Amino acid sequence: MSESHQQPALARCPGCEEPPASGDLFCGACGYDLSAVPARPGDRPTMAITVPPAAPPAPAVPPVSAPAPLAAPDAPAPPAAAVQWPAASETDSSDVPVPVHRATDLPGTDSGGKPLPASPPVRHDDRAEPGGRAATEPAAPAVTAAPAATVAGSADPPDSSGDFALAAPDPRTAEPTPTPAAGTKVCVACRSGRVDPDGYCENCGHAQPRERDHMEQELGAVAAVSDRGLRHHRNEDSFAVSSTALPDGSPAVVAIVCDGVSSASRPDEASAAAAVAANEALLESLPRGTHPQQAMHEAIIAASEAVNALAQDPPGSAEHEAHRHQNAPACTLVGAIMAGGLLVVGWVGDSRVYWVPDDRTGPPARLTEDDSWAAQMVAAGLMNEAEAYADERAHAITGWLGADSYELEPHTASFKPDRPGLVVVCTDGLWNYAESAEEMAAAVPPEAHRRPLHGAQVLVGHALDGGGHDNVTVALLPFAVEP
């Protein structure tokens, strides 16, 4: 344990020459800090310091003591000589006698040079009292905010600058953040603002994620995932998955995927309307016993009519617009039906269907042909596939659903697989990163036929990792073959 060393008692106060009481840390007459009196030096100077008799006053310099001479270890220490300290000058620089004052003889002044009041300083809370001293006394220095570490209500005295600590707001009296009404959409950023109909927070202005930015659905043996991608500001794709029963009780599984045409107006509405209409048409016709291929054809017609309805004149319009079909809502459509051991596909546009066998030693296949400029060049024999798809016009579609389509030609095809496999129904946002059947089969995870939702998530991630330049939508239908 360390020892504490006591200062020796002083005979007189260095400030007022009054004898202090024993043990006092401050002089009772002038308030001089007795603890600040330097202790007697520990060395023993042997050279006296004298002051020249007629030297002009010079700046005070701390006395320097000469080192003591070396002595033998067993020699006795020499007696200490008296130290002669320089006497204080009795005149100032103008040869005027220097006045001697005590600390209490000089009046104090504030930072502005005004005399300090004899009474205690006015606290900021005293000024609020009606008729208090603050109305008659000189204005006190402006109250400034205390540092963040200052705790309101502490007993610490104000510092020498005259600043006082401001009381912190009482959380019990602070107005609580208003809670949005039940059913009101709350901002995902600030968690308190209400979201306006345009999708922006009224409090912080943050744009809210749309419901269709990322969608997932799993229904028994079919699953689908749709994502906005990394470049588009909204998701213009849509899908519908469902299941029903044929008249003989056997199951029928349906997957519809639609891709809005970005150059058309309201492509997101067009894709959603087409997916819903085609799915409802299939759920109505398949239980009645309609052949799946004929049911697919009728579903595409129903989807086309739903998209055409979006371009109709609004009720009550006074004047017919001559060019209202020039930028009508439009989309592509591709669908698949598994029913009665058959695989039926139908499409209009450039969305595709792939077949990936469970046994990866078997060959995969692409089951659709694009309605696109590149596909037409290849079919006409004017270009090979590599040349056609390298052209900047390759993805220009030649068939779509919409009021401004030239002629609707639904494509349907029926297959009877002899082995189990996976049906991949997707938009070009996916197959742009796995164009050939072999590339698509390599991107499909091996366990996708057992976990279709996970497989769809992996395929969407594959497109996003590749750049995500477009909206990405994919539906997976595991196809089982009876032994």
Side-chain angles (χ1 to χ4, degrees), residues 185 187-189 195-201 205-217 223-241 255-276 303 306-307 310-311 326-335 347-352 370-374 389 392-402 404-405 424-435 440 443 456-476:
K185 190 174 181 180
C187 173
V188 299
V195 179
D196 62 14
D198 294 333
Y200 292 87
C201 176
H206 188 86
Q208 305 301 297
R210 296 176 175 87
E211 183 180 357
R212 290 176 59 176
D213 283 355
H214 186 88
M215 300 179 293
E216 297 183 0
Q217 186 177 359
V225 176
S226 181
D227 192 88
R228 177 173 59 93
L230 304 179
R231 300 297 181 88
H232 283 225
H233 69 283
R234 64 181 176 184
N235 190 0
E236 298 170 355
D237 290 355
S238 188
F239 69 83
V241 293
I256 302 293
V257 171
C258 298
D259 184 0
V261 178
S262 298
S263 59
S265 61
R266 295 145 58 198
D268 52 336
E269 297 181 23
S271 62
V276 171
V307 177
L310 297 177
Q326 287 186 354
N327 196 27
C331 70
T332 66
L333 181 145
V334 65
W347 73 96
V348 174
D350 61 348
S351 295
R352 295 180 177 180
D370 298 343
D371 287 327
S372 65
W373 181 90
Y389 281 99
E392 60 182 6
R393 298 166 290 180
H395 291 279
I397 58 175
T398 59
W400 62 89
L401 304 181
D404 57 354
S405 61
V424 181
V425 185
C426 64
T427 62
D428 60 343
L430 173 59
W431 66 254
N432 278 332
Y433 302 98
E435 187 170 345
M440 183 62 70
Q457 294 169 340
V458 171
L459 290 175
V460 170
H462 175 77
L464 297 180
D465 292 341
H469 287 73
D470 199 357
N471 307 143
V472 188
T473 303
V474 58
L476 300 185

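All figures in this text were calculated on a predicted structure; none of them were measured in a lab.
Here the shortest heavy-atom pairing between A456 and V225 reads CB-CG2, 3.6 Å. Considering every non-hydrogen atom in both A394 and Y389, the closest pair reads CB-CA, 3.6 Å. The two residues A306 and A273 have their closest heavy-atom pair at CB-O, 3.9 Å. Residues S351 and W431 approach most closely at CA-NE1, 4.4 Å, considering heavy atoms. Across all non-hydrogen atoms, the minimal contact from S271 to G260 is CB-N, 3.9 Å. Contact between A264 and A330 at its shortest, heavy atoms only, is CB-N, 3.8 Å.
Taking the side chain as every heavy atom from C-beta outward, D370 and R352 approach each other to under 4.5 Å. Looking only at side-chain heavy atoms (C-beta outward), D470 and R231 stay at 4.5 Å or farther from each other. Between R212 and S238 the shortest side-chain heavy-atom distance falls below 4.5 Å. Looking at N235 and M215, their side chains come closer than 4.5 Å, going by heavy atoms from C-beta outward. The shortest distance between side-chain heavy atoms of V472 and D237 does not fall below 4.5 Å. Considering only heavy atoms from C-beta on, C426 stays 4.5 Å or farther from L459 through its side chain. Annotation: side chain of E269 is not in contact with side chain of V307 (no heavy-atom distance under 4.5 Å). Between V425 and V474, the closest side-chain pair of non-hydrogen atoms is not below 4.5 Å.
The structure places CG of D268 at 12.5 Å from SG of C258, a figure rounded to the nearest 0.5 Å. To the nearest 0.5 angstrom, I397 atom CD1 is 7.0 Å from S263 atom OG. For the atom pair NE2 of H469 and CG of L464, the computed distance is 11.5 Å after rounding to the nearest 0.5 Å. Within the model, atoms CD of E236 and CZ of R228 stand 11.5 Å from one another, a figure rounded to the nearest 0.5 Å. Here the straight-line distance linking atom OG of S262 with atom CG of N471 works out to 6.5 Å at 0.5 Å rounding.
A donor-acceptor pair under 3.5 Å links the side-chain atoms of Y433 to the main chain of G468, judged by distance alone. Remark: the backbone N or O of R210 is paired with a side-chain donor or acceptor of D213 at under 3.5 angstrom.
Here the options are D428, L401, D371, D350, the test is side-chain contact (heavy atoms from CB on, under 4.5 Å), and the partner is T332; only D350 passes.
No donor-acceptor contact under 3.5 angstrom links the side chains of D259 and T427, judged on distance only.
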